[in-house]
Structures are given as structure tokens and as C-alpha cells.
2 protein chains.
Amino acid sequence: MFGSLWSLLVTESRPRIIPEATVARLAVYLRVLAGLAGDGCGHVSSGELAAAAGVNPAGLRKDLSYLGPCGVRGVGYSVSGLRERLTAALGGERSRPCVLVGIGRLGAALADYAGFASRGFQFVGLLDADPERVGDRVGGCTVRPIADLESVVADTEAAIGVITTPAEVAQSVCDRLVAAGVRSILNFAPVALTVPGGVDVRKVDLSVELQVLAFLDQQRDGGRPPVTVPVPAALGAQR
Amino acid sequence: MFGSLWSLLVTESRPRIIPEATVARLAVYLRVLAGLAGDGCGHVSSGELAAAAGVNPAGLRKDLSYLGPCGVRGVGYSVSGLRERLTAALGGERSRPCVLVGIGRLGAALADYAGFASRGFQFVGLLDADPERVGDRVGGCTVRPIADLESVVADTEAAIGVITTPAEVAQSVCDRLVAAGVRSILNFAPVALTVPGGVDVRKVDLSVELQVLAFLDQQRDGGRPPVTVPVPAALGAQR
DNA sequence: AACCGCTTGTGAACGCAGGTACAAAGTCGC
DNA sequence: GCGACTTTGTACCTGCGTTCACAAGCGGTT
């Protein structure tokens, strides 16, 4: 509807609108490139990159085309050039302050996960409701009481909030984060958060992942014979 | 290939083939229902469930329709009845043995995450390459050396493998799991695993999630107004 | 017993993502 | 300098997922 009109206006100034699925893959490409940069190779073809990233070569080229032409025909993509292009598209290399609420086992694991820091995500605030945990040092940061949420967000200008609390309190924590100015939330609690417009939420639901695998597993070998496999003649998959 | 032939046979006995996206949501509905079962209410409407799960009511009804008619028109869905239906569809309540490779902070967090056990997923094998960690007890299970991988999988008949190792060794661990008989893998390592046909892999990439949020954040405030928000009159919904 | 309102279940349209195939373009070899 | 090969970038198509809208069905009420 307005999409076509929009693109007319935007095509020149801004490259294009990038689908969210593509953005997620761009991040993957960037990491693959980081591994490749160590090697001497100065160029990669879409086929090589796609194989390393586990996607279709044509899809990869389409993804990259959202950034405008960034390869050389007949040669491939410059590793360093593409890295710069991707980092720029994904928001630069500037350090992005994050606050993490709920320092349980999962929260602690995320707090000192090296993969975040290397991509510019830095946890500048760790918050927990349990007085026992307050004062602990996790991943180079000290756990503070949940009451400090608003001041921590304000002081650090954190734009991203990560919620690893129990499900019951996730919504209230979310509300406080949003009120404090956080506009991007990564939610590990198994609830659907409701947020006002202009706030982005991404949900990671670990038990759902396992449940999907269990379903696929069950679906694969049908009725799952109770003891040993009798192989009852033909009919293959009964249910 | 055989898919079409399959559906021909199955169409009558079993409703249909269930899309993977739907399966993921069914798991969510099941958890929401578990919370509702505590309350006295015997019935829920699609609207209530959808609101709690954060989805569209019509989509929820379509999802449930894959299980055949399971609601009563004019009333809604029986909470207990729907729970049974969903648990059956998702593979019953039987305990599903899982092995977890890589007992770092993240692995340890997953190993004693209560949300898994309550849904029937039980970690019967914890494996790590670090001799320092071998022998530790995490979540009611003892960490064993990675060399025991094959025997652990064989003894416990584990059907699901979870990989929380560093990226460099994830593929070799994956290969060994598959060779040992594991056919469902949940991968937290930031690499694309290649597996033979008949094996399902689901990937959880935490830094990609953050990176997508960072992109949306940057995209939202475009040129990033340096100091205060000007609020440029109308323009209503920007995106 | 019949009506009314509410809720389910489903058919159709829309939009989006992924895959295929081909044309444009640039480099390497001769 | 020219031709052939390689690789990108893109247009088209197909299939999936999601949403809208409506008919069918059931309970409560009079």
C-alpha cells in the first residue's frame, strides 16, 4: 500500500527497509567474517560465506543487497570491506550498555558471557531482588538491589534491558524498565510481555525449544514401540 | 517426497500435519493453561488464551484446530481437556532424557533450570572436557568426562542433546552425539551445525538476539537526536 | 420450545520469506 | 586487446504463515 510509495522516497537517501529475519542473518554473517578475518584471505564468495553460515547462497546475496552493492562481480566480497559494511548496518561498534534483571544461574551466565562483550554489549547494571545476591560480583559488575533499577538505567543510559527473572515478576520489571527509558528488551521469562508502542521485545523461550524438538522426535518415529521394535509387517508409520 | 503420500494415509486418522511455528505456540498455550488450571475457571475463550499468550485469537483457534475440534462453541475450551489434548500432541508427559555437553556457566544454568524438569525434560547426562569440572554435581547429576559421551547416550537412551560448548568443538560434539543415536539437538554454540538427514537441530543464538535489538534501536531513532527529543509535530505511527 | 448472543472453526486474501534462474559486470588468460 | 569464465545482483515464482471475515453450533433465557 504505502510500501511502494515509501520505497520511492526512501530508495535514494536510505538503502531500503531491512526485514528482521535478514538482520538476524546479517549478524551471523558478521561473526563468520570475524572468524575468516584471522585467515589471510581477502575475499570470500557468497557460496563460501553461505556454507559457513548455513544458508542458501542466493539468500545471502539478497540479504547483502539490502546494504547496497558491496561485492565485486567475478571476485566476491572483500572481507574487511564487508565487515565494515555489516557493523555499520547493525549499529556500529559503539559499546551498548545493557541492564540485566534477575541474577539467578541463567542471569549470571549471561552476565559474564564473553560473546556479548566482544560484540559491544556491556552489562553496566545487574539487579536482583534477593538481598543475598546483592553485592556479588559477576562478570566485572556488582549486583545491586532491584530498587536501584531506575537510577541505574538513568545513570548508564542503558538502552537494552535483559529480563531473567521468574515469570511472576517479569511484567512488573518490564514496566519499570520501560518507564525508566529502556526501549529494547530481551525476555527469557516464560511470559508474553505487553509493552507500549515503540518498545521492541524479543523472547527466548528455552523450554519451548526443547518441546519442539520433542514433538519432532515423536513425529519422526511415530507411535514409539514400547519395548523392542517389533516391525509389524508393512504400514510403516502408523501414527 | 513421501510427505504427500504420508498425508494421504494420515489425513483420516490424524487431522493434519502441524507446522513447526504452530508447535512452538502450542507449547506456549500449554504453559499458560498450566497457570490457569490453578484457578477455578473450567473454561477459557480463545480471546483470553490469546491475550495471555500474546497472539492473535484467530491464529490461536487455527493452531488448536490442527488437533481437531477441541472446544465448545459459545462456551470456549475446557481447561483440563485442552491441557490433555496439548500434552498428548506435544509428546505426552513421559520423561525425556537429555544429555548436555559443555558445563560452563550457561550449561550449568540449564542443567538445573526448573522449567525443564517440570515439562518432562530431564538431564541424565552432563559432560565436559575440563577435568576440573568432572565430578561436580549440578542439578542432581554428576558431570562426567566427555569421553563417556557414547556410553552415556547408549545407557540412558537420550534422544535430545544440548550443546553449550565453545564454538570450535561444537561440530565434533554434534557428530559424536549423532553417531551415538541422538536425533534432536539444541545448539547454543554460535556456529551452524551440519547434520545428516533425519536429525533436527534448533539453534539459540543469544548475541544475535541482542544484535537485532540494537539494530531496531538504531533504526528507531534514525539519525539519533543528540540531546533531547524534539517531537516533530504529527507523523503519528512512524513504524 | 424457540430465540438470541456468544464462541468456535474455517475459507479466502494478504503479505512475506525463501529458492531458482538469468542478466549484468568485472577479472584473468591469451 | 579481446574472449571466456566467474560471481554478483535481481526479477520471478512458489510456498508458508498470518490475518480478516463469516458461517455453524451451542448454551442460556424467556
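Keep in mind that this is a model prediction, so the values were computed, not measured. To find a chain, count down the sequence lines: A is the first, B the second, and so on, and within it residues start at 1.
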Notebook entry, point to check: Would you find a donor on one side and an acceptor on the other, under 3.5 Å apart, between the side chain of A:Gln211 and the backbone of B:Leu90?
Noted result: no
Item checked: Residues B:Arg119 and A:Ser207: side-chain donor-acceptor under 3.5 angstrom -> no
Checklist line | B:His43 NE2 - D:dC26 C1' separation (whole Å) | finding: 12 Å
Next item on the list: Please confirm whether the backbone N or O of A:Gly76 pairs with a side-chain atom of A:Ser46, one donor and one acceptor, at under 3.5 Å?
Entry: no
Margin query: Output the rounded distance in Å from CG (A:Leu60) to P (D:dT10).
Written below: 14 Å
Item checked: N/O (side chain, B:Ser46) to phosphate O (OP1/OP2, C:dT8) under 4.0 Å -> yes
Margin query: Please report the distance, rounded to the nearest Å, between CD1 in B:Ile17 and C1' in D:dG17.
Written below: 16 Å
Next item on the list: Look only at the side chain of A:Glu209 and the backbone of B:Arg202, and say whether a donor-acceptor pair between them is shorter than 3.5 Å.
Entry: no
Notebook entry, point to check: Expressed in angstrom and rounded to an integer, what is the separation of A:Tyr29 atom OH from D:dT8 atom C1'?
Noted result: 15 Å
Next item on the list: Identify the two heavy atoms, one from B:Phe123 and one from B:Leu110, that lie closest to each other, and give their separation to 0.1 Å.
Entry: CE1-O, 3.4 Å
Margin query: Rounded to whole Å, please give me the gap between CD in B:Glu48 and P in C:dT8.
Written below: 9 Å
Next item on the list: Calculate the interatomic distance between A:Glu20 atom CD and D:dG17 atom P; express it in whole Å.
Entry: 18 Å
Checklist line | Whole angstrom value for the distance that separates P of C:dG9 from CG of B:Asp63 | finding: 12 Å
Next item on the list: Note the angle between the end axes of the helix from C:dA1-D:dT30 to C:dC30-D:dG1, five pairs defining each, rounded to 10 degrees.
Entry: 10°
Check: Between B:Arg25 and B:Glu20, does at least one N-O distance fall below 4.0 Å, as a salt bridge requires?
Finding: no
Check: What is the distance, rounded to the nearest whole Å, between atom CG of B:Leu67 and atom P of C:dT8?
Finding: 14 Å
Notebook entry, point to check: Is it true that the side chains of B:Thr87 and B:Glu93 contain a donor and an acceptor less than 3.5 Å apart?
Noted result: no
Check: In the 5'-to-3' direction, what one-character label does each nucleotide of nucleotides 20-30 of chain C receive under the scheme B = base within less than 4.0 Å of a protein heavy atom, S = sugar-phosphate only, - = no such atom?
Finding: BB--BBSS---
Check: Is there a donor-acceptor pair closer than 3.5 Å between any side-chain N or O of A:Asn187 and the backbone N or O of A:Val191?
Finding: yes
Next item on the list: State whether B:Tyr77 places a side-chain N or O below 4.0 Å from either non-bridging phosphate oxygen (OP1 or OP2) of D:dC26.
Entry: no
Notebook entry, point to check: Are a donor atom and an acceptor atom from the side chains of A:Asp63 and A:Thr22 found within less than 3.5 Å of each other?
Noted result: yes
